[in-house]
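Since the model is a prediction, treat every value here as computed from it, not as a measurement. Side-chain atoms are counted along with the backbone in the values below, which use heavy atoms only and exclude waters and symmetry mates. Lettering follows sequence order; numbering is per chain, from 1.
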Amino acid sequence: MSSYYITTPIYYVNDVPHIGHAYTTIAADVLARYHRLRGEDVFFLTGTDEHGQKVQQAAAKRGVAPQQHVDELVIRFEQLWKRLDISNDDFVRTTQRRHTAVVQEILRRLQAQGELYRHSYEGWYCLPDERFWANDEVSDGKCPECGRPVERLSEQNYFFKMSRYRERLIRHIDTHPDFIRPEARRNEVLGFLAQPLGDLCISRPRARLPWGVPFPFDDAFVTYVWVDALVNYISIPGYGTDEARFARWWPANVHLVGKDILTTHAVYWSTLLMALGLDLPSTIYAHGWWTVNGEKMSKSRGNVVDPGAMVDEFGVDPFRYFVLREVPFGHDGDFSRDAFIGRYNSDLANDLGNLVSRTLTMIERYCESRVPQPGPEDDFEELVAATAREVDNSLRDFQFHRALQEIWIIVNRANRYIETSAPWTLAKNPSARPHLDAVLYTLAETLRHIARLISPFMPQSARAIFESLGLADVPNGGPAAWGVLKAGHPIHKAPPLFPRTVTPHPVRIVMDIPEPTVAVSPTPQLAPIGIEDFAKIDLRVGKIVAAERVPKSSKLLKLQVDLGTETRQVLAGIGTKYDPEALIGRLVAVVANLKPAKLMGLESQGMILAAGDKEVASLIGFVEPVQPGMKIK
RNA sequence: GGCGGCGUAGCUCAGAGGUAGAGCAGGUGAAUCAUAAUCACUCGGCCGGGGGUUCGAAUCCCUCCGCCGCCA
């Protein structure tokens, strides 16, 4: 049986899972499910990256051991994947022994083969990014990547002789057009490789960073997190521990990655594999990023899309559909509530959902809820077969959106077919019975094929359609034959698959960045007030233009807030939750007519609204664009 | 600064020498099986600006403008 091995990156366990993580994982899941549907043997791997400085620092900040910290955080990913119907076959955590043992074995082999050397190194170190920069890369003490201050560090470290693989890697990319995709990214990597390639520092001194995989032959060092992380792609399928199993899966068919980590995969990982004498994966595919309402998504903007909120409101399948239909894979895309609702209503509710409803209703009404006798199928058999071929081509090329477009051609043809054959008219004429039956049989069988084709994208909906047709879930393997439904077989009409969204009521699609645990204490009920009491409060949109900590206070921040017509100084007790830098530019709700008060000797001319009791949980923000000074009512 | 990409209908995008396209949105009508869904017709473009090559240019070349990558 042919095998298919697909991976996502392993996600940094410290991150709050957002639409970006969900995107890669959903795409991988669709491919995994598609190849299973074709009857192939699939191994789909995802997981978490749990070592490194930031994990160590975050754990220290919470006052817990790093292992306990990651044990608690990994749940957020595991739960989100369950929620999103992700069918991964394994979930790797880099702190697992089955992984760390292989990391160490690989270091031993590299060392034994003379691929490593020790070298004293001095450079500028960016703590948040955990990386060194050369002198000429750093200007005025700032990290070229993140802009934060760097510090001078001198270290002994182990280096991997990456430079010696440069020509070989260039040759490989030249001779394997599918190795790095899309093509624009491939050219970027070739551009990168056109310049001299250095060796790769693959250790960190244990004294500075104990949270990592120890070097097997030198206690003073732990493994650089990137090397640790990349090895997951071979450690889990059995490298060094189960050669037969490893041979079945490696080389991977595809590593899906975000465009931000392409170089790491295309260059570091490829050369490491070469040094180990292993084949390279067939494809490394770098997909794009999501913006939100046209803006870059970031913690400090407070516009990080929470997949959980979308799933709560619209369901798993529509979310999966949207992210893959809306944007060509490889391109950047924009996420907005309007776009989502547009897709949902027109593609899912109106086109597909309604097609299912009307077809089943007619079979129910005209055929006593039983599959009618087949007859001439008006080219639908050929259409469905041709579409299956197109979907196959598109998915082999990672063009999810095109695959869905192709499937929707059938949906549209079926809707048109109902109009042109007008079963309700045929039903009035007893002599038209065979024709009526043939039309409805064709529609039912077409629905079955549609369900099969969408099943990798929307597994629950596909199953629901199958069940309505009186079938069990979509079977894997086997040909997509025409005429599987048997006349006389009972069907079961179900409620609408995708209920149309009429009122676009504002819902949180944006998430707060949560602390792992913030207790919600019961809020005492207050006496009712009238609208006239509420009207006494002048609430306005403000934009934070400056923010600094108030000396000697852990909580208080001194903010300058633009209210459109004026800028006010406001003191807010949100310093334990927010860093001042992260607040610049943020839009907030302000009580504009609060009597000025002095706090720690500084005047405060208003109040910022936030959720939370003693501890602030989240500032109140806006989902749609607003201007400073706007009234809030 | 170097290399590359993009700019086409109100919006999102396809088209890569031969009569400007799709989906959504807008307009008109038909139909009543269906989730106010569907179907048909329709409105809508100096194809970023300018210059060139060509019988003919969204398409090829040059240049300018505006966005965006990768590298420095």
Side-chain angles (χ1 to χ4, degrees), chain A residues 133-139 144-145 180 182-198 258-264 266-267 286-289 291 293-296 314 318 322 325-336 338-367 369 372 394 399 401-402 404-409 411-428 436 439-440 443-444 447 461 464 468 493-503:
Chain A
W133 297 95
N135 280 332
D136 57 348
E137 291 175 318
V138 171
S139 59
E145 193 160 287
I180 296 169
E183 199 184 341
R185 300 289 163 200
R186 177 171 176 264
N187 295 336
E188 282 177 12
V189 173
L190 284 171
F192 180 84
L193 288 170
Q195 278 136 0
L197 183 65
K259 62 181 184 177
D260 50 321
I261 53 173
L262 176 60
T263 305
T264 324
V267 180
H287 66 68
W289 278 7
T291 55
N293 297 315
E295 290 198 318
K296 198 174 160 185
F314 296 101
F322 177 82
R325 174 61 185 83
E326 182 69 2
V327 176
F329 204 57
H331 294 214
D332 286 350
D334 186 54
F335 189 96
S336 72
D338 284 352
F340 189 98
I341 290 178
R343 284 277 169 219
Y344 179 90
N345 277 342
S346 81
D347 298 359
L348 297 180
N350 295 356
D351 289 351
L352 176 58
N354 187 45
L355 172 66
V356 173
S357 283
R358 63 200 305 212
T359 302
L360 291 173
T361 299
M362 288 189 287
I363 294 177
E364 195 174 62
R365 187 174 304 176
Y366 305 138
C367 309
S369 293
S394 297
Q399 295 301 296
H401 77 295
R402 223 172 56 209
L404 288 167
Q405 272 174 352
E406 295 290 346
I407 299 169
W408 254 252
I409 289 175
V411 174
N412 295 332
R413 271 280 299 273
N415 272 320
R416 201 183 319 151
Y417 184 53
I418 295 178
E419 296 301 321
T420 53
S421 50
W424 49 92
T425 307
L426 299 175
K428 289 173 188 155
L436 174 62
V439 167
L440 292 180
L443 287 168
L447 274 187
S461 308
S468 287
K493 186 169 190 259
L497 265 183
F498 307 105
R500 209 178 138 78
T501 296
V502 185
T503 46

Peer 1: Should B:A58 be called syn or anti, with syn set as within 90° of 0?
Peer 2: syn
Peer 1: Provide the distance between the two P atoms, one in B:C64 and one in B:G45, to the nearest whole Å.
Peer 2: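 One P to the other, the span is 31 Å.
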Peer 1: Need to verify one output field. Residue with the more 5' nearest nucleotide on RNA chain B, A:H331 or A:A184?
Peer 2: A:A184
Peer 1: Checking all strands, does A:Q195 fall into the base, sugar-phosphate, or nothing category for heavy-atom contacts under 4.0 angstrom?
Peer 2: sugar-phosphate
Peer 1: Provide the distance between the two C1' atoms, one in B:C68 and one in B:G48, to the nearest whole Å.
Peer 2: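 It comes out at 15 Å once rounded to the nearest Å.
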Peer 1: Could you tell me how far apart A:L262 (CG) and B:C71 (C1') are, to the nearest whole angstrom?
Peer 2: 13 Å
Peer 1: Provide, to the nearest angstrom, the distance between the CD atom belonging to A:E188 and the P atom belonging to B:C70.
Peer 2: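 Checked: the CD to P distance equals 6 Å.
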Peer 1: Could you tell me how far B:U54 sits from B:G10 if I compare only their C1' atoms? Round to whole Å.
Peer 2: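 My reading of the C1' atoms in B:G10 and B:U54 gives 35 Å.
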Peer 1: In what stems does RNA chain B take part, counting only runs of at least 3 consecutive Watson-Crick or G-U pairs whose two distances fall under 3.5 Å?
Peer 2: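 Only these stems qualify: B:1-7 with B:65-71, B:10-13 with B:21-24, B:26-30 with B:38-42, B:48-52 with B:60-64.
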Peer 1: Answer yes or no: are there more than 12 heavy-atom neighbours, outside A:E419 itself, under 6.0 Å from its atom CD?
Peer 2: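 Atom CD in A:E419 is packed in, count exceeds 12.
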Peer 1: Rounding to the closest angstrom, what is the interatomic distance between B:C24 and B:C39 at atom P?
Peer 2: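 These two P atoms come out 8 Å apart once rounded.
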Peer 1: At under 4.0 Å between heavy atoms, which parts of nucleotides 20-36 of chain B does protein reach? Answer with one letter per nucleotide, 5' to 3': B base, S sugar-phosphate only, - none.
Peer 2: ----S------SSBBB-
Peer 1: Over how many whole Å does the gap from A:R185 atom CZ to B:C6 atom P extend?
Peer 2: 13 Å
Peer 1: On a heavy-atom basis, which atom in A:P423 and which in A:I418 lie closest, and how many Å separate them?
Peer 2: CD-O, 3.4 Å
Peer 1: Grab the CZ-P distance between A:F192 and B:G4 for me, whole Å please.
Peer 2: 19 Å
Peer 1: With a cut-off of 6.0 Å (strictly less than), are more than 12 heavy atoms of other residues, nucleotides or ligands near NZ of A:K493?
Peer 2: yes
Peer 1: How far, in whole Å, is B:A20 from B:A58 if one measures between their P atoms?
Peer 2: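 About 8 Å, rounded to a whole number of Å.
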Peer 1: With rounding to the closest Å, how many angstrom separate the P atoms on B:C13 and B:C61?
Peer 2: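 B:C13 and B:C61 have their P atoms separated by 24 Å.
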Peer 1: If I pick the P atom on B:U59 and the same atom on B:G15, what distance separates them, to the nearest angstrom?
Peer 2: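 Looking at atom P only, B:G15 and B:U59 are 15 Å apart.
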